[in-house]
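Only one structure is covered here, and it is reproduced in the block below.
Residue numbers start at 1 and run along the sequence shown. Atoms within each ligand, like the ligands themselves, are counted from 1 in listed order.
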Amino acid sequence: MKVLGFETSCDETSCAVVEVGRKVISNVVFSQIIDHQKYGGVFPELASRRHVEKIVDVYKNALTQANLTLKEIDVVAVTVQPGLVGSLLVGVNFAKGLALYAKKPLVAVDHLKGHVASNYITHSGLKPPFLCLVVSGGHTQIINVVDYVQHEVMGRTMDDAAGEVLDKVGRVLGLQYPAGVAIDALAKTGNRKRYKLPRPQVKSSDLDFSFSGLKTAALNVIQCEQLKVGINIPDMAASFQGAVVDVLLEKLSIAMREKNAARFCLAGGVCANSELRTKAAAWADCCGFESFFPAFEFCGDNAAMVAAQGYYEFNAGNIACWDLNPLL
Ligand code: KG4
Ligand code: ZN
């Protein structure tokens with residue numbers, strides 16, 4: 001079974017074809033990052049307009065690269081939530097029109113379930129149950145993946161997401177949006193002990209995150225240091241990234257204990273981070289856990305993960321109605 005997937009929840013316009021939820025036949029991603037860099041973050045109306053301009057080309061390229069016609073597609077899947085509503089509407093309406101015209105079933109996919117599914121297209125033998133730490137620009141959640149479609153959120157951020165604070169602190173350090181990649185690179189040469197930053201929420205036994213206080217603490221240190229000797233950017237990158245990674249892994253370890261779990265996955269744009277991957281892998285080895293990370297190309301937003309999850313939603317009988325509409 002071949003699923004055609006669409007992803008337009010933020011600033012990537014993407015279309016992919018995935019077979020039986022596992023084999024990526026094509027995955028075309030048009031990134032709008034350059035358009036948004038001059039605003040220091042995603043400009044929502046511009047994002048919607050770029051999706052409108054690009055979606056036809058991206059769709060045609062995905063079919064061409066797969067060497068398939070629309071007739072040979074079995075199901076059309078699309079990200080329905082969460083995300084920027086104007087951006088989601090473009091993908092939902094395009095997918096709806098296509099499915100209606102081609103008489104194919106339409107399937108709605110939750111963006112975070114899509115991120116979890118990026119692990120299925122990377123690890124062919126991986127099956128639920130497992131826990132998944134989803135860390136992206138918009139979300140930070142620990143999810144109990146009970147089965148392919150039943151996901152229980154065990155903890156989430158009460159304010160900013162991990163990617164969001166990396167981007168915001170990076171912006172103050174003069175790094176271009178999205179700053180997560182640059183922080184990752186700079187941190188490799190920095191001293192993570194140079195600046196003392198808090199590890200918010202690690203002492204509480206619940207599984208929620210709070211990154212906004214950590215962001216403010218870092219911004220205060222940057223401001224104070226600028227008045228004195230000036231900030232050492234690699235050292236701040238290493239200190240800040242270190243604090244974010246410590247909090248993420250500490251909460252994941254509490255969740256693993258709570259569920260008596262033996263396997264976990266990472267997912268989302270921030271799981272491309274080298275420190276997070278290295279530490280998570282070392283911790284898993286030490287505790288005897290099995291760990292799974294998506295291939296780098298599937299960490300950020302892409303339609304292959306949406307098509308993969310779409311396959312499992314279809315198998316579970318979750319077919320969307322024609323009045324499908326992104327939720328606010
Ligand atoms: O999953 P994603 O592409 O979009 C959302 O759903 O939000 O995640 C984007 C986020 C951005 O905040 C970006 O800075 C971050 O992922 N990111 C990274 C790295 N690569 C991307 N953060 C840390 N280290 C990286 N290597
Ligand atoms: Zn995402």
G300 neighbourhood, listing ligand 1 atoms whose heavy-atom distance to it stays under 4.0 Å: 3 (O)
Nearest heavy-atom contact between V28 and S14 is O-OG, 2.8 Å
Quick one: closest heavy-atom pair of A77 and V109, and the distance? CB-CG2, 4.1 Å
For residues 281-296, please give each side-chain donor-acceptor pair under 3.5 Å, one per line with the distance, not counting sequence neighbours.
none

If only protein N, O or S atoms under 2.8 Å count, total around the Zn ion (ligand 2): 3
G268-ligand 1 polar pair, N/O distance under 3.5 Å: no
side-chain hydrogen bond (donor to acceptor under 3.5 Å, both in side chains) partners for R50, two or more places apart: D35, E53
Please tell me if the side chains of M305 and F298 come closer than 4.5 Å, counting only heavy atoms from C-beta onward. no
Going through the checks in order, is the side chain to side chain donor-acceptor pair (under 3.5 Å) test met by E7 and H111? CA-CA 8 Å; E7 160 59 40; H111 183 72; 3.0 Å; yes
Among protein heavy atoms, which sits nearest to atom 12 (O) of ligand 1, and what does the distance come to when rounded to 0.1 Å? D167 OD2, 2.7 Å
Identity and separation of the nearest protein heavy atom to atom 17 (N) of ligand 1: G269 O, 3.6 Å
heavy-atom search around atom 10 (C) of ligand 1 in the protein gives G137 N, 3.5 Å
Is the closest side-chain heavy-atom distance between V17 and L68 below 4.5 Å? yes
If you measure from each heavy atom of Q241 to ligand 1, is any distance below 4.0 Å? no
Just say parallel, tilted or perpendicular for the rings of F211 and F209, cut-offs at 30° and 60°. parallel
Taking all atoms of both residues into account, what is the closest heavy-atom pair of Q65 and S26, and its distance? CB-CB, 3.9 Å
Which residues satisfy the side-chain hydrogen bond (donor to acceptor under 3.5 Å, both in side chains) test with S124, sequence neighbours excluded? none
Within-shell test, H139 vs ligand 1, heavy atom, strictly < 4.0 Å: no
By number and element, which atoms of ligand 1 are closer than 4.0 Å to a non-hydrogen atom of H115? 1 (O), 6 (O)
P178 heavy atoms, cut-off 4.0 Å: which ligand 1 atoms fall inside? 13 (C), 14 (O)
On a heavy-atom basis, the closest approach of N119 and C132 is ND2-SG, 4.5 Å
Does E164, backbone or side chain, put an N or O under 3.5 Å from an N or O of ligand 1? no
Starting from V85, can I reach V90 by hopping between I/L/V/M/F/W/Y residues whose side chains sit under 4.5 Å apart? no
Residue, atom name and distance, where the atom is the protein heavy atom closest to atom 2 (P) of ligand 1: D301 OD1, 3.5 Å
Should you measure from each heavy atom of G138, which atoms of ligand 1 turn up under 4.0 Å away? 7 (O)
Residue S136 vicinity, atoms of ligand 1 by number, heavy atom under 4.0 Å: 1 (O), 5 (C), 6 (O), 7 (O), 8 (O)
Heavy atoms only: give me the nearest A161-G138 pair and the separation to one decimal. CB-C, 3.5 Å
The answer for which part of D184 has a heavy atom under 4.0 Å from ligand 1 is side chain
Show me which atoms of ligand 1 lie under 4.0 Å from any heavy atom of N273. 23 (C), 24 (N), 25 (C), 26 (N)
For atom 15 (C) of ligand 1, the closest protein heavy atom turns out to be V270 CG2, 3.9 Å
In the protein, which heavy atom is nearest to atom 22 (N) of ligand 1, and how far is it? G180 CA, 3.5 Å
Any idea which heavy atoms bring D301 and V29 closest together, and the distance? O-CG1, 4.0 Å
Need the ligand 1 atom indices (1-based, order shown) with element for anything under 4.0 Å from a heavy-atom of G163. 12 (O)
Centroid separation under 6.0 Å, is that true for the rings of Y311 and Y120? no
